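Handing you a structure now.
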Amino acid sequence: MSSQKAPDASRRSDRSRRAIHDAALALVGEVGYARTTIEGIAARAGVGKQTIYRWWPSKAAVLMDAFLDLGARQAAESAPEGEGSYVFPDTGDLAADLKLVLRATVDELNDPVTEAPTRALTAEGIIDPALGAQFVEKLLEPQIQLYVTRLRAAQKAGEVREDLDPRVAVELLIAPLTHRWLLRTLPLTHAYADAVVDHTLRGLSAKA
């Protein structure tokens, strides 16, 4: 009797999904979102297009899933050992913590691996309300809540005004970066991220 084990379907499925994710991200970076097709993704991943359609209804859904998976992997790699997910720094110095996070955001937005899919999902989310809502719910909102939690801690510590609306404060911090990046008005740099934090905190400071 043969002792050979049957193929592990779940492991094969995970490998196929990862290959599809990587193919979608690579193609969007190489040829742009408009020229990326399900057929092209399937060919790059080495799977049949019916496999993709079995798991996702559209190329936008494939790209969304791929981008979320990439973000989860990057967060796990950057998180402290044993944490399993990204944790917003709280060193007791709000300005330093915000500058650290905004600099990391600048690096991510400028990274060729993530820039193209982020632009594609942002643009597609404008014309596809369902995709846009998913983009906000699964990607943006969890990140925003990390800022909100840190700013509330700063309120309790007396670093920022008691009447501060943390949600508005978050937008004051991240909207300038998004505007400059989306419209390419000027280079997106660490120095600019630092300046955004300094200008914003002048208005939020409890000593203002």
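Just so you know, these numbers come straight off a predicted model, no measurement behind them.
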- Query: Does the side chain of T51 reach to within under 4.5 Å of the side chain of R54, using non-hydrogen atoms?
  - Reply: yes
- Between A116 and G29, what is the shortest heavy-atom contact and its length? CB-CA, 3.7 Å
- Message: Taking salt bridge (Lys or Arg N to Asp or Glu O under 4.0 Å) as the criterion, tell me which of D194, D93, D198 meets it with K99.
- Response: D198
- Message: Let me confirm one number: the CD-CG distance from Q134 to D128, rounded to the nearest 0.5 Å.
- Response: 9.0 Å
- Query: Is the side chain of R103 donor-acceptor paired with the backbone N or O of A193 at a distance under 3.5 Å, no angle test?
  - Reply: no
- Supply the atom-to-atom distance R152 CZ to Q145 CD, rounded to the nearest 0.5 angstrom. 7.0 Å
- Closest non-hydrogen contact found for M64 with L131 is CE-CD1, 3.7 Å
- Task: Without swapping roles, check the side chain of H179 against the backbone of A175 for a donor-acceptor pair under 3.5 Å.
- Result: no
- Query: Looking at side-chain heavy atoms only, is the closest gap between D22 and R18 below 4.5 Å?
  - Reply: yes
- Quick one: pull up CD1 in I174 and CD1 in I144 and give me the separation to the nearest 0.5 Å. 5.0 Å
- Message: I'd like to check Y192 versus L186 (side-chain heavy atoms, cut-off strictly below 4.5 Å). Are they in contact?
- Response: no
- Item | Distance-minimising heavy-atom pair for D90 and A153 | OD2-CB, 4.1 Å
- Smallest separation among heavy atoms of A120 and V28, with atom names: CB-CG1, 4.2 Å
- Query: Closest approach of A23 and I41, non-hydrogen atoms and distance?
  - Reply: CB-O, 3.7 Å
- Task: Indicate yes or no: at least one non-hydrogen side-chain atom of L100 is less than 4.5 angstrom from one of T91.
- Result: no
- Might you work through the side chain to side chain contact (heavy atoms under 4.5 Å, CB included) test for D107 and D111, ending with a clear yes or no? CA-CA 6 Å; D107 291 341; D111 186 343; over 6 Å; no
- Output the distance between atom CG (L182) and atom CG (L188), rounded to the nearest 0.5 Å. 10.0 Å
- Query: Just by modelled atom types, is the R17 backbone N or O under 3.5 Å from a matching donor or acceptor in the W55 side chain?
  - Reply: no
- Do other residues, nucleotides or ligands put more than 12 heavy atoms under 6.0 Å from the CD atom of E141? yes
- Message: Any non-hydrogen side-chain atom of F67 less than 4.5 Å from a side-chain atom of L139?
- Response: yes
- Query: If you measure from CG on L173 to OH on Y147, what distance do you get to the nearest 0.5 Å?
  - Reply: 7.0 Å
- For the side-chain contact (heavy atoms from CB on, under 4.5 Å) test, which of L177, D97, T200 pairs with L102? L177
- Query: Tell me, do L68 and F135 make a side-chain contact under 4.5 Å, heavy atoms counted?
  - Reply: no
- To the nearest 0.5 Å, tell me how far D65 CG sits from H21 NE2. 3.5 Å
- Message: With a 4.5 Å cut-off on side-chain heavy atoms, are N110 and T189 touching?
- Response: no
- Say whether, by atom type as modelled, one donor and one acceptor occur between the side chain of K59 and the main chain of Y33 under 3.5 angstrom. yes
- Item | Path from V136 to L70 over hydrophobic side-chain contacts below 4.5 Å | yes
- Can you see which heavy atom on A60 is nearest to which on L121, and at what distance? O-CD2, 4.1 Å
- Test item: Q155 side-chain N/O and V160 main-chain N/O as donor-acceptor pair under 3.5 Å: no
